[in-house]
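All heavy atoms count here, side chains included; hydrogens, waters and symmetry mates do not. Residue numbers begin at 1 in each chain, while the letters A, B, ... track the order of the sequences.
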Amino acid sequence: MENLMVEMRSKFADHDDFFIEEELIHQTVIYLMGFKTLIDYPKSNQYIRQMASSAASVEELLTNLSDRLDVGSEQMVNAVLEGKLIIVIQKDQRNAIVDPVALNLTRSIDEPKNESPIQASIDAFVEDLNTNVGLIRKRLKTDRLLHCSFQVGELEKRNLSMLYINGRAPNDLVEKVNEQLKQIGTDIESIDDLNRHFGLRKWSPVSHFFPTEVPIQAIHSLKKNRIVLLLDNYPFALVFPHLLLDMFSIVNDRNFPYILSVMLRVLRVVGAVLTLILPALYVALVSVNPEIFKFDLALFVAKSREGIPVPALLETIIMVVLIDLILEAIVRLPKSIGPTISMVGGVILGQAMVEAKLVSTLLGIVITAIVISSSVVAGIQNSLYIRLLKYPILILASIFGILGIFTGLALTGIYLASLTSFHIPYTTFHMKREGDTK
Amino acid sequence: MTHRFQIAIVFFIIHLSFGFLLYPELIYKLTDTGHWLVVLCQGVLQLLLILLYMKGLNYFPNEDIVDIYLKMGRLIAFVILLPFVLNLTVLVALNIRTYTEVINSLFLLRTPHWPIALLLYFISAYTATKGLGTILRSSVFIFFMIIPFILFISFSSIVNFDFHNGFPIRDASIDFLLDMEFYYLMGFSAFLFLGFMVSNKPLVFRDILIAWFSVIILYLAFVYIPLFIFGQETVVTLSLPFVIAMDSVDIRWLAFNRQTMFFGISSIGFMLIFNAVMLWMISQIMQKLFSKLRVKSALWIIIFSIIGYIAGLFIPNQVWTNTLILWNRGAQVYFMLILPITIYIYGVVIKRKGTSDERKSSL
């Protein structure tokens, strides 16, 4: 017995939040062990005492408290790491792993922070895995919703849940994902780590997963034959595979009359296309192909650039990069400083640059348009990658003009068409049940 | 989006890419009146060959034509398919060369043609290396990107029409059937790629028929739009009549100066897919014929793009290009006849042999 205690003590010698408390129950000395940072000790202690008062002996108390009795030291160490409470009886080497009253380390269900649903329920996933699964189960009451859980990682075992609807999600896809998840041997710290296990996409802006914060969106994806992955301590559901249409349609659109939801989707497509081509179009029309405009329009464009010392490409790149910087800064800064940045950035910078004749007024309009239009697509990740893809088109346009824009756009389309996750193309419109591959 | 639908779209795109520039010119040379009859005859002839080809291919499920020729014998495969590869390479080179010149004259007057050709080669080769799935999917993407342009230029050119230019539409003469040029015209059909699109679902003739029908409608539009605008006497003297017809249209409310821009854009889109398909076909043939070399198909694509690029650079002028195009079309007609017929005959022979073997074994 003493051996076990010594072993535990030495194992956790460097953990100052590890406690071993001695208690006297039914004239027997018992030891309670665990992490102070994970267990609410006073409450747990009180709970055990209450249980003890109704039990005849210590042995009965242990059987009442837990079904994991008399385990080895290795299992005890793991249980301590998981935040369990361990009870050890001094005299006859018995022990038990008990679920204690845990410190409340998770936030309660809250409104979504990154997605703002209109006319829809406004609860969002939280860090706790079980709560997240519960949020889905509460809305999708069917026995066909299957749940596989995994523990992945090398240093820390991270819980990962895979949800899918039996008979909806293609079987071979589920199998492949299952296999892939079982094989993960490294720590999963971020979505990018997980991404790497689902096929090489190191240099691709398009992820294999579409993260969503809203349970309804996740359920909708499940019904659309997809798989949803949930990670503990990560308040997003990861929809797999991520498809192009996720960018343009979200489930909340369907709360509006059909014609309005069509309008919203068309607006998103227009937004994405404008973000891609507007800066490129400006450069192409100003510097490479001014002759394709009608004469008076060409004159107007030329006039708006009168006296501007930098070439059109440089002018556009400066402005586009500045705007991307501002957007990034606003996200990172505390909420109290954000508005200042947007004021300084938007009003002063824009106005001053135009007045100083560094950029043309026309470019000012173009930049405003692309900032707004890049934000209409669903999902921050998608908005970011659309913003990234505009640069290659911009460069091509500066060399080849209108031809560059078109080839750039075609190249973007071809690139997106070439992406697949487990043989399901990114540009699939509708995922079929039997595992549509085209 | 089904596989079959995508193949039909590729069929449509390749034909438009083939016919966009030079097709009307050849038609005007063939006949003075009743142009529709020529287009239709060519179409029907093509349809018969497609039917034969598909019948032949359906004898060999899950096999592309390279597999079938290898079955016939290695020597036969080499003799028939290597010249075919050469023909395809020349086709790609000429295609890019022609379009580069059109682009040069439409958008980029001061840019030398080698960077444009390089860009076009890069995109086609990139698409081809990504494989058949990508080609098919991106063809749908490009199709929907371009169709609005095509419809717009076709309909907007109506403002300049003088319908009397199209008359007389009735012409009893079918002399053109005896003209060699008519058979060159046949070279503007591209259906040989169908033999490479292997899938577990066999091709359905109906899908191809719909695509074929749309192609014929658009071919008629390409022939008749310049004709309605200029009239037969003028049109025979023009080179690239469709481009000039587009150039003549001026719409007040449009912000852009010239219609040709839209035309140029749409033709490039079609050309990219067309070349990607051709390069991919080359890589398939080479990889299967020289399977011992263990060269990846992507490498074959790169090798042949470089060959095509360099060959294209050495063509001195437009006159040469046109001559080469005619030769190439002649070769194309040869393959369009020889491939479907041999495959069909071989299919029938194999089937007969199979049934007679069965009979023997049952006896």
TODO: For residues A/Met247 and A/Ile386, determine if any side-chain heavy atom of one lies less than 4.5 Å from a side-chain heavy atom of the other.
DONE: yes
Open item on the list: Quick check: closest heavy atoms across A/Ile227 and A/Ala169, and the distance to 0.1 Å?
Closed with: CG1-CB, 4.3 Å
Open item on the list: Return the CD1 to OG1 distance between B/Ile301 and B/Thr127, rounded to the nearest 0.5 Å.
Closed with: 9.5 Å
Task: Greatest number of heavy atom pairs closer than 4.5 Å to chain A - which of B/Leu272, B/Ile103, B/Ile268, B/Leu119 - done: B/Leu119
TODO: Identify which part of A/Ile402 has an atom lying under 4.5 Å from any heavy atom of chain B, answering side chain, backbone, both or neither.
DONE: side chain
Task: Segment of A/Leu416 engaging chain B (4.5 angstrom heavy-atom cut-off) - done: neither
Side chain, backbone, both or neither of [X] within contact of chain A (heavy atoms, under 4.5 Å):
{"X": "B/Leu132", "answer": "neither"}
{"X": "B/Ile142", "answer": "side chain"}
{"X": "B/Ile265", "answer": "both"}
{"X": "B/Ile273", "answer": "neither"}

TODO: List the steps, then state whether side chain to side chain contact (heavy atoms under 4.5 Å, CB included) holds for B/Phe193 with B/Ile7.
DONE: CA-CA 10 Å; B/Phe193 80 94; B/Ile7 290 177; 4.3 Å; yes
Task: Note: A/Arg226-A/Asp246 ion pair, threshold 4.0 Å (strictly below) - done: yes
- [ ] Taking only Lys NZ, Arg NE, NH1 and NH2, and the carboxylate oxygens of Asp or Glu, determine whether A/Asp253 and A/Arg268 approach each other closer than 4.0 Å.
- [x] yes
Task: Donor on one side chain, acceptor on other, A/Tyr415 and B/Ser138, under 3.5 Å - done: no
Looking at [options], which makes the most heavy-atom pairs under 4.5 Å with chain B?
{"options": "A/Leu396, A/Leu403, A/Ile399, A/Thr427", "answer": "A/Leu403"}
{"options": "A/Gly404, A/Ala298, A/Ala410", "answer": "A/Ala410"}
{"options": "A/Val273, A/Thr407, A/Leu297", "answer": "A/Thr407"}

